[in-house]
Amino acid sequence: MRIAVASSNGENVDLHFGKARSLFVYEYDEEKDEFKFIDQRNVEIEVDMKHQNPKIIKAIEDCEVCICEQFGPKAAIYSEDAGLKLVKDEGTVEEVLRKYIDHVNFMKNIKI
């Protein structure tokens, strides 16, 4: 699973999705239960434009999930249409990646 995180410095998830100038992409290996850093994706953000969701989605089109500090309703619609799941969280990159995977694994084990 490929996961992007919206981060200004590669250490903390601290950017709003619609203004994310930099996204750090990780590959999660389920067998090894570990994350591998793939690369940093930079997006040319135009200061005058309110939100630039399509640019950001295109930059991470190979990802299944993007974890960001915040996102709005338009970003949710654009992302859903592109098959990208948006998740709100903040903290260190390591913490939010682990929390997300722990949540996914927990949900897989729920018996209804």
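All values below were derived from every heavy atom in this structure, side-chain atoms included, with hydrogens, water molecules and symmetry-related copies excluded.
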Determine all donor-acceptor pairs shorter than 3.5 Å in which one atom belongs to a side chain in residues 69-80; sequence neighbours excluded.
{"from": "Q70", "atom 1": "OE1", "to": "K88", "atom 2": "NZ", "distance (Å)": "2.9"}
{"from": "S79", "atom 1": "OG", "to": "A75", "atom 2": "O", "distance (Å)": "2.8"}

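- Legend: ring pair (Phe, Tyr, Trp, His ring centres under 6.0 Å) pairs involving residues 6-29, not counting sequence neighbours, sorted by first then second residue: H16-H51, Y26-F37, Y28-F35.
- Between V25 and I3, every side-chain heavy-atom pair lies at or beyond the 4.5 Å cut-off.
- The distance from the CG atom of L15 to the OG atom of S22 is 5.5 Å, given to the nearest 0.5 Å.
- Contact between V96 and V13 at its shortest, heavy atoms only, is CG2-CG2, 3.2 Å.
- With sequence neighbours excluded, the residues that form a side-chain hydrogen bond (donor to acceptor under 3.5 Å, both in side chains) with D14 are S8.
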Worksheet entry | Full working for side chain to side chain contact (heavy atoms under 4.5 Å, CB included) between V5 and L23 | CA-CA 5 Å; V5 294; L23 300 122; over 6 Å; no
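- Every residue meeting the side-chain hydrogen bond (donor to acceptor under 3.5 Å, both in side chains) condition with N9, not counting sequence neighbours, appears here in chain and number order: S7.
- With sequence neighbours excluded, no residue forms a side-chain hydrogen bond (donor to acceptor under 3.5 Å, both in side chains) with K32.
- Looking at D29 and K36, no side-chain N of the basic residue comes within less than 4.0 Å of a carboxylate O on the acidic one, giving no salt bridge.
- Looking at residues two or more places apart in sequence or on another chain, you find a salt bridge (Lys or Arg N to Asp or Glu O under 4.0 Å) between E30 and K108.
- Qualifying side-chain hydrogen bond (donor to acceptor under 3.5 Å, both in side chains) partners for N42, counting only residues two or more places apart in sequence or in other chains: Q40.
- In the hydrophobic cluster analysis, where Ile, Leu, Val, Met, Phe, Trp and Tyr join through side-chain heavy atoms closer than 4.5 angstrom, V65 is grouped apart from I38.
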Fill in: Working for side chain to side chain contact (heavy atoms under 4.5 Å, CB included), residues V43 and R21
CA-CA 5 Å; V43 180; R21 292 180 182 270; 5.7 Å; no
Using distance only, find each side-chain donor-acceptor pair of residues 54-64 under 3.5 Å and give its atom names and separation, not counting sequence neighbours.
{"from": "K55", "atom 1": "NZ", "to": "E44", "atom 2": "O", "distance (Å)": "2.9"}
{"from": "K55", "atom 1": "NZ", "to": "E46", "atom 2": "OE2", "distance (Å)": "3.0"}
{"from": "K55", "atom 1": "NZ", "to": "Q52", "atom 2": "OE1", "distance (Å)": "3.4"}
{"from": "D62", "atom 1": "OD1", "to": "R41", "atom 2": "NH1", "distance (Å)": "2.9"}
{"from": "D62", "atom 1": "OD2", "to": "R2", "atom 2": "NH1", "distance (Å)": "2.5"}
{"from": "D62", "atom 1": "OD2", "to": "R41", "atom 2": "NH2", "distance (Å)": "3.1"}

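- Looking at residues two or more places apart in sequence or on another chain, you find a salt bridge (Lys or Arg N to Asp or Glu O under 4.0 Å) between D33 and R98.
- The stretch residues 86-112 participates, sequence neighbours left out, in no ring pair (Phe, Tyr, Trp, His ring centres under 6.0 Å) pair at all.
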